[in-house]
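A short write-up of the structure that comes next.
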2 protein chains.
Amino acid sequence: MLEVNPQPESGPAPSDQRAGVSIAEAARRTGVSVHTLRYYERAGLVAMPVGRTAGGRRRYHQIDLEWIVLCTRLRATGMPIKTIRRYAQLVSAGYGNEQERLALLEAHRAEVAARLAEVRENLRLIDRKIDVYRGRLDADTAVGAGPDAE
Amino acid sequence: MLEVNPQPESGPAPSDQRAGVSIAEAARRTGVSVHTLRYYERAGLVAMPVGRTAGGRRRYHQIDLEWIVLCTRLRATGMPIKTIRRYAQLVSAGYGNEQERLALLEAHRAEVAARLAEVRENLRLIDRKIDVYRGRLDADTAVGAGPDAE
DNA sequence: CTAGGATTTAGAGCGTGCTCGAAGTCAATC
DNA sequence: GATTGACTTCGAGCACGCTCTAAATCCTAG
């Protein structure tokens, strides 16, 4: 699952002023690889098209970077690419579909909440197993081996 | 991610006595498909080999079913197949490697905890977005459209 | 004995989300 | 003007975790 490691800005921001930044710089700032940035665009996650220079190079502006970061947040909660694309489409369609966007987000939140609960539950089980091993190791050379089990 | 829907036992358990159950029955009881049961075995997740009939059919006993269920729990927390295999190997190697098992489980728990925290954090962000949409919709026909944003 | 359904194996196929490669273009520097 | 390196597109490749197929075998009922 795509590691996101945005670098904190240092220095005077490479030619940021009114021109936007290169894809390499966007990658550095969002923590998303240039490959993935282009992939996200191809995949339709980037609703509002990123600007281009005369020569065809992408120029990322603040709003683009923020959108990308939002995408990474949604991904980090397990939202599939397809769903993010749908959301991007709604957003790019402009005003009038806020109910739909809200429904999409609420549906996702419900799923995330359900998964969280499930993971927490199963984590409890793992914790118990850990406790068993800890106990077994504490009492290691005590009696001649505990019960079988796993 | 593999849906696990174990069926609650009903009735007198189809020929359960001292013979173990068929793969179909094991699938029903664990909520794992027969395909996946075989796949898990091939993949080395099932340390202690499942018994076979004279004719070569698998017979699942209680302990086998419990192990499978454990695998589903580990999977549900995101443990990769590889790691479960490693764990299975340790378990099948018998006594003497409890430290290693413990370390494996603790490492996994740490990862799960970290992911949980991350998801919770990002979920908060989504919640805020939901609130924004809710607010916007509440005040729908109020002023002529809010600020742009996403 | 036979039909039919469950099970076996090995291997192929698939969905998802990246990740990479090739071949060509752009742009800053010497 | 030439070199060099970042950038472009587009398609292929990859890792993961299943999921399915084919052809053969087993086993139970009739």
Side-chain angles (χ1 to χ4, degrees), chain A residues 1-5 14-15 19-46 49-60 64 68 71-88 108 111 115, chain B residues 1-5 14-15 19-46 49-60 64 68 71-88 108 111 115:
Chain A
M1 164 148 303
L2 176 61
E3 279 297 318
V4 174
N5 286 126
S15 60
V21 300
S22 72
I23 193 171
E25 180 62 16
R28 205 187 56 72
R29 293 196 192 178
T30 59
V32 177
S33 80
V34 296
H35 290 303
T36 303
L37 281 175
R38 289 193 278 248
Y39 163 66
Y40 279 1
E41 207 173 312
R42 268 193 292 173
L45 302 203
V46 185
V50 173
R52 299 287 181 128
T53 67
R57 271 86 191 281
R58 292 175 181 80
R59 305 261 58 180
Y60 289 83
D64 300 317
I68 300 290
C71 287
T72 68
R73 308 297 199 178
L74 295 174
R75 288 289 306 121
T77 57
M79 183 182 284
I81 297 289
K82 267 187 184 175
T83 308
I84 303 183
R85 171 165 50 230
R86 175 85 189 117
Y87 184 63
H108 180 60
E111 276 171 37
R115 274 202 306 109
Chain B
M1 165 148 300
L2 177 62
E3 278 297 319
V4 174
N5 285 127
S15 61
V21 300
S22 72
I23 193 170
E25 180 63 16
R28 206 187 56 73
R29 292 196 193 178
T30 59
V32 177
S33 79
V34 296
H35 290 302
T36 303
L37 281 176
R38 289 194 278 249
Y39 163 66
Y40 278 1
E41 208 172 312
R42 268 193 292 174
L45 301 204
V46 185
V50 172
R52 298 289 181 129
T53 67
R57 269 85 191 279
R58 292 175 181 80
R59 305 260 61 180
Y60 289 84
D64 301 316
I68 300 290
C71 288
T72 68
R73 308 296 201 181
L74 294 175
R75 287 290 303 120
T77 57
M79 183 181 285
I81 296 291
K82 267 187 184 175
T83 308
I84 303 184
R85 171 164 52 230
R86 176 88 190 114
Y87 184 63
H108 179 60
E111 276 171 37
R115 274 202 308 110

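- As judged by a 4.0 angstrom heavy-atom cut-off over every strand, B:Ser33 is placed among residues making no nucleic acid contact.
- Between the side chain of A:Arg57 and the base of C:dA27 there is no donor-acceptor pair of N/O atoms closer than 3.5 Å.
- Taking atom CD1 on B:Ile23 and atom P on D:dC26, their separation rounds to 16 Å, with Å as the unit.
- Between C:dA10, D:dC7, D:dT21, one nucleotide has an atom nearer to the side chain of B:Arg42 than all others, and that is C:dA10.
- For the pair B:Arg52 CZ and D:dT25 P, the interatomic distance rounds to 16 Å; values are reported in whole Å.
- Contact detail for A:Arg59 and A:Val21: the closest heavy-atom pair is NH2-C, 3.2 Å.
- A close approach under 4.0 Å does not occur between any side-chain nitrogen or oxygen of A:Tyr40 and OP1 or OP2 of C:dG17.
- Checking the phosphate oxygens (OP1, OP2) of D:dG17, no side-chain nitrogen or oxygen of B:Thr36 falls inside 4.0 Å.
- For A:Met79 and C:dG17, the CE to P distance is 12 Å, given to the nearest whole Å.
- We find that CG of B:Leu45 is positioned 9 Å from P of D:dG17, with the value rounded to whole Å.
- Each of A:Arg38 and A:Ala54 was matched to the nucleotide of DNA chain C holding its nearest heavy atom; the match closer to the 5' end belongs to A:Arg38.
- In this structure, CG of B:Leu37 is placed 11 Å from P of C:dT7, rounded to the nearest angstrom.
- In this entry the distance linking CZ of B:Arg28 with P of C:dT7 reads 12 Å, nearest Å.
- The interatomic distance linking B:Leu2 (CG) with C:dT16 (C1') rounds to 16 Å, in whole Å.
- Salt-bridge annotation for B:Arg115 and B:Glu111: absent, with no side-chain N of the basic residue lying under 4.0 Å from a carboxylate O of the acidic one.
- Comparing C:dC18, D:dC7, D:dC27 against the side chain of B:Thr53 picks out D:dC27 as the nearest.
- Within 4.0 Å of B:Arg58, counting heavy atoms only, lie sugar-phosphate atoms of the nucleic acid but no base atom.
- For B:Tyr39, the side-chain atoms get nearest to D:dG17 when compared with the rest of D:dC20, D:dG17, C:dT19.
- Not a single donor-acceptor pair under 3.5 Å links the side chain of B:Thr36 to the backbone N or O of B:Tyr39.
- At the phosphate of C:dC26, neither OP1 nor OP2 sits under 4.0 Å from any side-chain N or O atom of A:Arg59.
- Side-chain contact check for B:Arg58 versus B:Tyr60: some heavy-atom pair is nearer than 4.5 Å.
- Comparing D:dC10, D:dT19, C:dT16 against the side chain of A:Lys82 picks out C:dT16 as the nearest.
- One atom, CD of B:Glu3, and another, C1' of D:dT19, lie 15 Å apart when rounded to the nearest Å.
- Residues A:Glu41 and A:Arg38 are not paired through a salt bridge, judged by the lack of any N-O separation under 4.0 Å between the basic side chain and the carboxylate.
- Side-chain atoms of B:Thr77 and B:His108 include a donor-acceptor pair closer than 3.5 Å.
- Using a 4.0 Å heavy-atom cutoff across all strands shown, A:Arg75 reaches sugar-phosphate atoms only and no base atom.
- The B:His35 side chain lies nearest to D:dT19 when the options are C:dT7, C:dC20, D:dT19.
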